[in-house]
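Here's the structure, in structure tokens; my notes come after.
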Amino acid sequence: MTVGLLGACSDGGDSSAGGGGNPYGLAQPGVLRAGTLTDAPPNVYLKDGKFTGFDNDLLTAVAGKLGLKVEFVGTDFSALLSQVNNHKFDVGSSSITITEARKKTVDFGNGYDFGYFGLDVPAGSPIKGFDQLTGERVVVVQGTVQDDYATGKQLDPVRVPDYNGAINQLKAGTADAWIAPAEIGEKSAADSNGKITVAAKQLSPAPTAYAVAKGSDKLREALNKALDEVIADGTWSRLQAQYYPGRPIPADFKPGSGKATAPSASGSAQPSASASAAS
């Protein structure tokens with residue numbers, strides 16, 4: 001298991017973590033211990049020994065508003081939510097889609113991103129869309145919303161513990177298709193030396209958010225407030241452009257509480273609902 005500690009200095013946000021207190025009930029006062037993945041770029045991944053990606057860089061900025069440092073720890077997605085609720089981690093950071101089923105295990109903060117389902121296939125595959133998967137060998141990462149989708153469509157998917165496992169199945173020809181988070185699927189295809197292509201993608205029905213243990217209301221509320229602050233100061237927009245260049249933002253998506261004001265590309269302030277095309 002890989003651990004990375006990133007410093008996050010307060011830059012004027014409401015910091016009540018200092019003075020030896022522990023208002024958020026963290027396992028270690030002043031340190032936000034985050035469970036994440038190592039193999040899902042551009043969302044969450046490990047690069048040169050450092051946890052990075054859109055979700056993790058955003059969390060570091062959010063924690064900075066609270067005067068907290070972030071300690072990232074790698075885990076499998078299938079175990080992440082239970083580990084958060086058991087307080088092994090203070091927060092889960094892994095493009096976690098909010099679902100009613102998951103709300104039975106953890107509490108969620110406000111949504112900070114949207115997502116698409118991607119359909120990755122081996123190069124030369126005749127599969128061109130999600131409606132062509134019946135009877136095919138479809139691989140998914142266990143416990144993801146892509147797993148839920150495939151199960152709901154009665155595709156009898158092959159479940160693997162991580163994204164590398166799914167990619168290897170496609171490269172080896174032991175799977176006909178992989179239902180993936182679209183951004184991760186696109187990055188995997190680009191890095192496959194032509195062995196994998198993206199056949200299709202479709203919008204996921206719910207936003208992604210950070211997960212905290214049930215009843216961690218003070219921590220959840222603090223993260224929500226700090227998220228609005230990093231939307232307002234332009235960090236959210238900057239990270240969107242950095243990690244998802246050219247990706248269109250759905251017109252009805254509002255990051256955070258929906259009340260924050262995000263700078264537009266030209267630097268002027270606009271309501272986040274329109275500046276983000278308010279993913």
Looking at D228 and K225, is there a salt bridge between them, counting it only when a charged N and a carboxylate O are closer than 4.0 Å?
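No, no charged N to carboxylate O under 4.0 Å.
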So, are K214 and D107 salt-bridged, with charged N and O less than 4.0 Å apart?
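Answer for the salt bridge query: yes.
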Please determine whether side-chain hydrogen bond (donor to acceptor under 3.5 Å, both in side chains) holds for the pair N110 and S257, giving the CA-CA distance in whole Å, both sets of side-chain angles, and the decisive distance to 0.1 Å.
CA-CA 6 Å; N110 291 331; S257 69; 5.2 Å; no
Do you reckon [X] sits in the same ILVMFWY cluster as [Y], going by side-chain contacts under 4.5 Å, direct or chained?
{"X": "Y149", "Y": "L81", "value": "no"}
{"X": "V62", "Y": "Y24", "value": "yes"}
{"X": "L133", "Y": "Y116", "value": "no"}
{"X": "F117", "Y": "I127", "value": "yes"}
{"X": "V140", "Y": "I184", "value": "no"}

What pair of heavy atoms forms the shortest contact from [X] to [Y], and how long is it?
{"X": "V106", "Y": "A211", "result": "CG2-CB, 3.9 Å"}
{"X": "A177", "Y": "L119", "result": "CB-CD1, 3.9 Å"}
{"X": "A189", "Y": "V198", "result": "CB-CG2, 3.9 Å"}
{"X": "V121", "Y": "A199", "result": "CG2-CB, 4.1 Å"}
{"X": "G21", "Y": "P29", "result": "O-CB, 3.8 Å"}
{"X": "P122", "Y": "T197", "result": "O-OG1, 4.2 Å"}

Please report the interatomic distance OG(S216) to CG(N85), rounded to the nearest 0.5 Å.
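S216 OG to N85 CG: 8.0 Å, rounded to 0.5 Å.
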Atom pair NZ (K65) and OG1 (T60), whose distance is rounded to the nearest 0.5 Å:
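Reported value, rounded in 0.5 Å steps: 13.0 Å.
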Which pairs, with at least one residue in residues 177-196 and sequence neighbours excluded, count as a salt bridge (charged side-chain N to carboxylate O under 4.0 Å, His left out)?
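Sorted result for residues 177-196: E183-R247, E186-K201, K187-D191.
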Donor-acceptor pair, side chain of R33 and main chain of K88, under 3.5 angstrom:
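At least one qualifying donor-acceptor pair exists.
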Just by distance, do the side chain of S82 and the backbone of A79 share a donor-acceptor pair under 3.5 Å?
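Judged by distance alone, yes, a pair lies under 3.5 Å.
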Step by step, would you call D90 with V212 a side-chain contact (heavy atoms from CB on, under 4.5 Å)?
CA-CA 6 Å; D90 301 307; V212 299; over 6 Å; no
Set of residues satisfying ring-ring contact (aromatic ring centres under 6.0 Å, His included) with respect to Y244, sequence neighbours excluded:
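With sequence neighbours excluded, Y244 shows a ring-ring contact (aromatic ring centres under 6.0 Å, His included) to F54, given in chain and number order.
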Applying side-chain contact (heavy atoms from CB on, under 4.5 Å), run through V73 and F51 and close with a yes or a no.
CA-CA 8 Å; V73 182; F51 284 96; 5.9 Å; no
[X] versus [Y]: any side-chain heavy-atom pair under 4.5 Å?
{"X": "V141", "Y": "P161", "answer": "no"}
{"X": "T52", "Y": "L46", "answer": "no"}
{"X": "L32", "Y": "E71", "answer": "no"}
{"X": "Q28", "Y": "L26", "answer": "no"}
{"X": "Y45", "Y": "T38", "answer": "no"}
{"X": "L68", "Y": "V31", "answer": "no"}

Using the rule given for side-chain contact (heavy atoms from CB on, under 4.5 Å), can you reason through I196 versus I167, listing the C-alpha separation, both sets of side-chain angles and the distance that settles it, and then say yes or no?
CA-CA 8 Å; I196 298 171; I167 294 165; 4.0 Å; yes
Per-pair distances, 0.1 Å, donor-acceptor, side chain in residues 94-104, under 3.5 Å, sequence neighbours excluded:
| from | atom 1 | to | atom 2 | distance (Å) |
| --- | --- | --- | --- | --- |
| S95 | OG | N43 | ND2 | 2.9 |
| S95 | OG | D55 | OD1 | 3.0 |
| S95 | OG | D55 | OD2 | 2.9 |
| T99 | OG1 | R102 | N | 3.1 |
| E100 | OE2 | K103 | NZ | 3.1 |
| R102 | NH1 | T97 | O | 2.8 |
| R102 | NH2 | G143 | O | 2.8 |

Which residue pairs satisfy the side-chain hydrogen bond (donor to acceptor under 3.5 Å, both in side chains) criterion with at least one member in [range], sequence neighbours excluded?
{"range": "residues 154-167", "result": "D147-R159, T151-R159"}
{"range": "residues 171-181", "result": "Q169-T174"}
{"range": "residues 118-144", "result": "T144-Q146"}

For residues Y210 and Y112, establish whether the separation of their ring centroids is below 6.0 Å.
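Ring centroids of Y210 and Y112 are less than 6.0 Å from each other.
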Walk me through it: do I179 and F130 pass the test side-chain contact (heavy atoms from CB on, under 4.5 Å)?
CA-CA 9 Å; I179 303 176; F130 289 88; 4.2 Å; yes
Looking just at side-chain N and O atoms, do D233 and T235 make a donor-acceptor pair shorter than 3.5 Å?
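Yes.
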